[in-house]
J.: 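Structure provided below as structure tokens; questions to follow.
In listed order, ligands and their atoms are each counted from 1.
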Amino acid sequence: MNEISFEKERSEILKKYRSLLTACRHNINQEDRKRIREAFDFATKAHQDHRRKSGEPYIYHPIAVAKIAVEEIGLGATSVICSLLHDVVEDTDYTLEDITDYFGEEVARIIDGLTKISDIFDQTTSIQAENFRKMLLTLSDDVRVILIKLADRLHNMRTLESLPPKKQLKVANETLYLFAPLAHRLGFHAIKSELEDLAMKYTEPEVYQTIQQKLADTRAARTRFIQSFTKPIRRELQKENLDFTIQSRTKSVSSIWNKMKKKEVPFEEVYDIFAIRIVLNAPEEREKADCWRAYSIVTDIYQPNPDRLRDWISTPKANGYESLHTTVMSRQGKWVEVQIRSERMDAIAEKGYAAHWVYKEARPGESGIDKWLRRIREILKSADVDALDFIDDFKLNLFSDEIIVFTPKGELRTLPLGSTALDFAYSIHTQIGDNCLGAKVNHKLVALSYELKSGDQVEIITSKKQSPKADWLNYVTTARAKGKIKSALKEKRKRQAEEGKEILDRKLRQFKIEHSQSTVQKLQDYFKLGSPLDLYYEVAVGNIVQKDIKAFAAEQDGGGLLSYIRKPFSRSKEQAPAKQPEKDPIRQQLKDKPDTLLIGDSLDNLSYKLSPCCNPIPGDDVFGFVTIQDGIKIHRNNCPNAVQLMSKYAYRVVKAKWMTNKSIAFLSGLRLKGIDEAGLLQTITNAISSEHNVNIRNIHLDTHDGTFEGEVMLYINDTQHLNSLIKKLKKVRGIQKVTRIGKMETES
Ligand code: MN
């Protein structure tokens, strides 16, 4: 590089650094400033030969992460230092000892946490899951590790453009799978929305662009509506001498898209669902009263929907969220959500409670986030839980809404929506869960599967004789309860297996077969069981009986007189068959495969299958997924299963590309909805068969009260043909909606 551009870069780096200092000027003292400078110099030197994929100097990244940590998460000096240093140990020759020497124990501990959890997704599934668990365990040490990781991910998402497409998709999917829900759960609403939007830009580029364009087109009309809606509110609030600002929230692209999919409606029915926010500048002792005053003013002007009042001021959400929500009818006949909160509440809602509570000690006592962290730690400690199951359960908990219930003594408990009496029992104590017989909800006797509602008072009835059953897993939603039940069942299975071992010992002696390791292996093979434990268990519960052993013995004899038809015994329904560990051949297969799988060149001799869950056809963005029994399956990138597959089993994903070959027809499906008209079926079939190169495999329509719903499966060449057919069908009289089958319809 020549001298001039080097100088230019140098000054650009300093400029970025100074802007970081400006961002944290309120949070730091002279001493902090010195330490931050040291960290900056250290990181700049360590990364001096590194460049980002975009070609920029690497140090841009740590500086940007530090800035996010301050501005958007609200962290302090130590976190700025750690953000600046977060990639040093991982990417350069400096060690953790160096960090300890220069910056002390506290910084080193956080850097250690950050280094350990980095790149967890580049691993195989099981390591990934295990690492994820470790990452959450670091929550118990220092929540700043997670928060800096979030800042790191946010900056990587903002600069994702410079990575190769395959990597983009992977990073975007991980973000949807893990980081967005994590941000949500920690209370960082703005970050969560941004992560989701950025991810969608790569996972569903076309939909993203379309919605964004439509939002831009409708901006002026939306502004007019909001102005006329808020005008009388402003006037009345001013009359009451309240100090306030009114914000109108633009919905994020991803939230619009989620609504469109969930409600199966077009953009036009979603984009103008408005929400406005009234933020009051009030001292803390008056903020509740002021919020309710504002509420009363708003509902005097506009009629509220009585079912839609949400009071998170009296009982904040577990992530710390406090706000008052109501939905009122505007003069134009549209419902508008109105959120009312104080400036303090707004800061918490936007930047997350974690930062507030941990570092500013906003209020004493155990806060919602603290309780949540404690629950996570408890789940993590029950080491028996399968790491993958754990992630799934945990994710569910990240997404779920909450209910609030009471103990008999009036103590308040927060549980995920859908929690049952049994979940409640486990939330109190493992022993109470294990011995749970049923419950009294509001003094009435209910089953342990009873689903709780907010406001219920719950008393658990226990019995020493009760113990966890396999079907209990169907009655619980919390990760904690699931984990506890699973480990109890496992424990029980182990005990039963021990009995089974003795029984088997006796049976084998009758047939004069030695109870050796090789016999056990043969028995396992014979009964198709995964482990000796499974074998003993099946014996103990009576699924393998005398005559089964006899048949086995006969086979060992060489068939002889006791020849038999080999038949696997019938398993009890309670236990699913033991999972076979994934074998290496998959990895082998992957190694032997070309970089990009070409599909569509021929339909015979296929080493892949088109997945029936999303029916991809040429023109769709697709990827290949290596399955254990079925070879490679091709999915659409926006297949509902894709996010999970890509993030959980990244190493089994292969790039795939269509080879255009117009002469081959692929199976695809359309879902139709509309008003039942005379001769509709005929019209639809005509429309389809008049299209070139399209053949109907089957079609069926269900009519109901003058409306119809139907499905057409057809053979078609590619998305171009399909889209033109969709357009045509939409013009047919009576048809209101045409969507592609494969669940996440993008063509609606
Ligand atoms: Mn980084």
J.: Please report the interatomic distance CG(Leu14) to NZ(Lys16), rounded to the nearest 0.5 Å.
T.: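 Rounded to the nearest 0.5 Å, the CG-NZ separation comes to 12.0 Å.
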J.: His635 vs Phe623 aromatic rings, parallel, tilted or perpendicular, using cut-offs 30° and 60°?
T.: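 Aromatic pair His635/Phe623 classed parallel.
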J.: Considering the Mn ion (ligand 1), could you give the total of protein N/O/S atoms lying closer than 2.8 Å?
T.: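 Every protein N, O or S atom under 2.8 Å from the Mn ion (ligand 1) counted, the figure is 4.
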J.: How many angstroms lie between NZ in Lys261 and CD1 in Ile256, if you round to the nearest 0.5 Å?
T.: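 One finds 13.0 Å between NZ of Lys261 and CD1 of Ile256.
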J.: Look up atom CG in Leu160 and atom CD in Gln168, then write down how far apart they are to the nearest 0.5 Å.
T.: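 Going from the CG atom of Leu160 to the CD atom of Gln168 covers 5.0 Å.
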J.: Can Asp152 and His86 be said to form a side-chain hydrogen bond (donor to acceptor under 3.5 Å, both in side chains), step by step?
T.: CA-CA 9 Å; Asp152 183 30; His86 81 272; 3.2 Å; yes
J.: Parallel, tilted or perpendicular: which fits the ring planes of Tyr17 and Phe40, with parallel below 30° and perpendicular above 60°?
T.: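 If you compare the ring of Tyr17 with that of Phe40, the planes turn out parallel.
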